[in-house]
Enquirer: 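Have a look at this one before I ask anything.
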Amino acid sequence: MISPILIVPATIDNLDDIADIEQRCFSAPWDRSALAHELSALSWSRTFLAVANRTTAGFVCFWTVADEYQVLKVAVHPQFQKQGIGRLLIEHLKMTAEEEDISVISLELRHRNSAARNLYQSCGFSVVGTRRGYYTDTGDDAVLMNCLLLS
Ligand SMILES: CC(C)(COP(=O)(O)OP(=O)(O)OC[C@H]1O[C@@H](n2cnc3c(N)ncnc32)[C@H](O)[C@@H]1OP(=O)(O)O)[C@@H](O)C(=O)NCCC(=O)NCCS
């Protein structure tokens, strides 16, 4: 792993970096306006950045809905993948969730995305369901996963 990696809150000033990673990481990326909306100080939406040597290496974007975090996006720039940054982002999310008395973190992913599935499973997430044909660009199924935090 590269060090040190800082996990910091994102602002609208980070839009260019996030949009670049988004374009590189997803087959159906969100456009800049959708990303800007999430960064526009909505009370329910937050984004954390992973920063390596002043370079944005990845991000996680999530909503707080009642006592749940719903993860919208997790992405690590291809140049920084497989170096532990995705795990750091998810572990930071879990730590923040515990501090805020969140009971569950939920997310969905394409059923073929084995890298993401392995990451989430190794961070304590379990498969809780499937949505058939959820991704309209390819017809891929979505796998629903969650991580329970409170007993
Ligand atoms: C999924 C993603 C965020 C993982 O980020 P990363 O920084 O490369 O992951 P890490 O290095 O922290 O790896 C953590 C674990 O994830 C799994 N993993 C990561 N990349 C993997 C790959 N290419 N193949 C299989 N498993 C993989 C492994 O279990 C790994 O643990 P290990 O290193 O002990 O084997 C990254 O691949 C990515 O941005 N992909 C494109 C966007 C995306 O698919 N996001 C998720 C949408 S739900």
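Both ligands and their constituent atoms are indexed starting at 1 by order of listing. Side chains are part of it too, since the values below use all heavy atoms of this structure and drop only hydrogens, waters and symmetry mates.
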Enquirer: Taking 4.0 angstrom as the limit and counting only heavy atoms of E108, give me the atoms of ligand 1 inside it, by number and element.
Expert: 48 (S)
Enquirer: Tell me which one of I90, V76, V143 gets a heavy atom nearest to atom 5 (O) of ligand 1.
Expert: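 Of the listed residues, V76 has the closest heavy atom.
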Enquirer: Among all protein heavy atoms, pick out the one at the shortest distance from atom 48 (S) of ligand 1; state its residue, atom name and that distance to 0.1 Å.
Expert: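 Atom 48 (S) of ligand 1 sits closest to the protein heavy atom Y120 OH, 3.3 Å.
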Enquirer: Using 30° and 60° as the class boundaries, would you call the ring planes of F62 and F48 parallel, tilted or perpendicular?
Expert: tilted
Enquirer: Quick check: does any side chain N or O of Q81 sit under 3.5 Å from a backbone N or O of V76, one acting as donor and the other as acceptor?
Expert: yes
Enquirer: Among all protein non-hydrogen atoms, which one is nearest to atom 15 (C) of ligand 1, and what is the separation to 0.1 Å?
Expert: R87 NH2, 3.6 Å
Enquirer: Which of the numbered atoms in ligand 1 are under 4.0 angstrom from any heavy atom belonging to L119?
Expert: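 Listed by number with element: 4 (C), 14 (C), 15 (C), 16 (O), 17 (C).
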Enquirer: Please tell me if atom 13 (O) of ligand 1 is touched by the protein, where touching means a protein heavy-atom distance below 4.0 Å.
Expert: no
Enquirer: Which of the numbered atoms in ligand 1 are below 4.0 angstrom from a heavy atom of A75?
Expert: 39 (O)
Enquirer: Just jot down the ligand 1 atoms closer than 4.0 angstrom to any heavy atom of G84, in number order.
Expert: 10 (P), 11 (O), 12 (O)
Enquirer: Which atoms from ligand 1 have a heavy atom of L109 less than 4.0 Å away?
Expert: 48 (S)
Enquirer: Quick one: which ligand 1 atoms are inside 4.0 Å of a heavy atom on Q83?
Expert: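 That gives atoms 11 (O) of ligand 1.
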Enquirer: Does E108 pair with R117 as a salt bridge, N-O distance under 4.0 Å?
Expert: no
Enquirer: Can you sort out which atoms of ligand 1 are near N113, meaning under 4.0 Å from one of its heavy atoms?
Expert: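 So the answer, numbered in order with elements, is 43 (C), 44 (O), 46 (C), 47 (C).
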Enquirer: Let me see the working for S33 and D31 under side-chain hydrogen bond (donor to acceptor under 3.5 Å, both in side chains), right down to the final yes or no.
Expert: CA-CA 6 Å; S33 64; D31 62 22; 2.9 Å; yes
Enquirer: May I ask you to test the S103-D67 pair for a side-chain heavy-atom distance under 4.5 Å?
Expert: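 Sidechains of D67 and S103: in contact.
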Enquirer: If I take atom CZ from residue R110 and atom CG from residue D137, how far apart are they, to the nearest 0.5 angstrom?
Expert: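 Nearest 0.5 Å value for the CZ-CG distance: 4.0 Å.
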Enquirer: When you measure from atom 20 (N) of ligand 1 to every protein heavy atom, which one gives the shortest distance, and what is it?
Expert: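 Answer for atom 20 (N) of ligand 1: A115 CB, 3.7 Å.
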Enquirer: Write out the residue and atom name of the closest protein heavy atom to atom 41 (C) of ligand 1, then the distance separating them to 0.1 Å.
Expert: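 Checked against all protein heavy atoms, atom 41 (C) of ligand 1 sits closest to C25 O, 3.6 Å.
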Enquirer: How far is atom 29 (O) of ligand 1 from its nearest protein heavy atom, and which residue and atom is that?
Expert: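 Result: N118 CB, 3.4 Å.
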Enquirer: Do any N/O atoms on S114 end up under 3.5 angstrom from N/O atoms on ligand 1?
Expert: no
Enquirer: Could you check whether S106 and N146, counting side-chain N and O atoms only, form a donor-acceptor pair closer than 3.5 Å?
Expert: no
Enquirer: F125 vs Y120 aromatic rings, parallel, tilted or perpendicular, using cut-offs 30° and 60°?
Expert: tilted
Enquirer: Check whether F26 forms a cation-pi arrangement with K73 (NZ or CZ under 6.0 Å from the six-membered ring centre, at most 45° off the ring normal).
Expert: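 Cation-pi check for K73 and F26: passes.
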Enquirer: Distance to 0.1 Å, residue and atom name: give those for the protein heavy atom nearest to atom 38 (C) of ligand 1.
Expert: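 Among all protein heavy atoms, the one nearest atom 38 (C) of ligand 1 is Q81 NE2, 3.4 Å.
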Enquirer: Any donor-acceptor pair under 3.5 Å linking the side chain of T138 with the backbone of D140?
Expert: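 Checking the backbone N and O of D140 against the side chain of T138, a donor-acceptor pair under 3.5 Å is found.
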Enquirer: Any side-chain to backbone donor/acceptor pair from T11 onto D13? Under 3.5 Å, distance only.
Expert: yes
Enquirer: Going from NE2 on H37 to CG on L15, what distance comes out if it is rounded to the nearest 0.5 angstrom?
Expert: 13.0 Å
Enquirer: Nearest protein heavy atom to atom 45 (N) of ligand 1, by residue and atom, and its distance?
Expert: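 For atom 45 (N) of ligand 1, the nearest protein heavy atom comes out as V74 O, 2.7 Å.
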Enquirer: Protein non-hydrogen atoms only, distance under 4.0 Å: does atom 26 (N) of ligand 1 have such a neighbour?
Expert: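 Yes, there is a protein heavy atom closer to it than 4.0 Å.
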Enquirer: Just to confirm my output: which protein heavy-atom neighbour is closest to atom 7 (O) of ligand 1, and how far is it?
Expert: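 Checked against all protein heavy atoms, atom 7 (O) of ligand 1 sits closest to G86 N, 2.7 Å.
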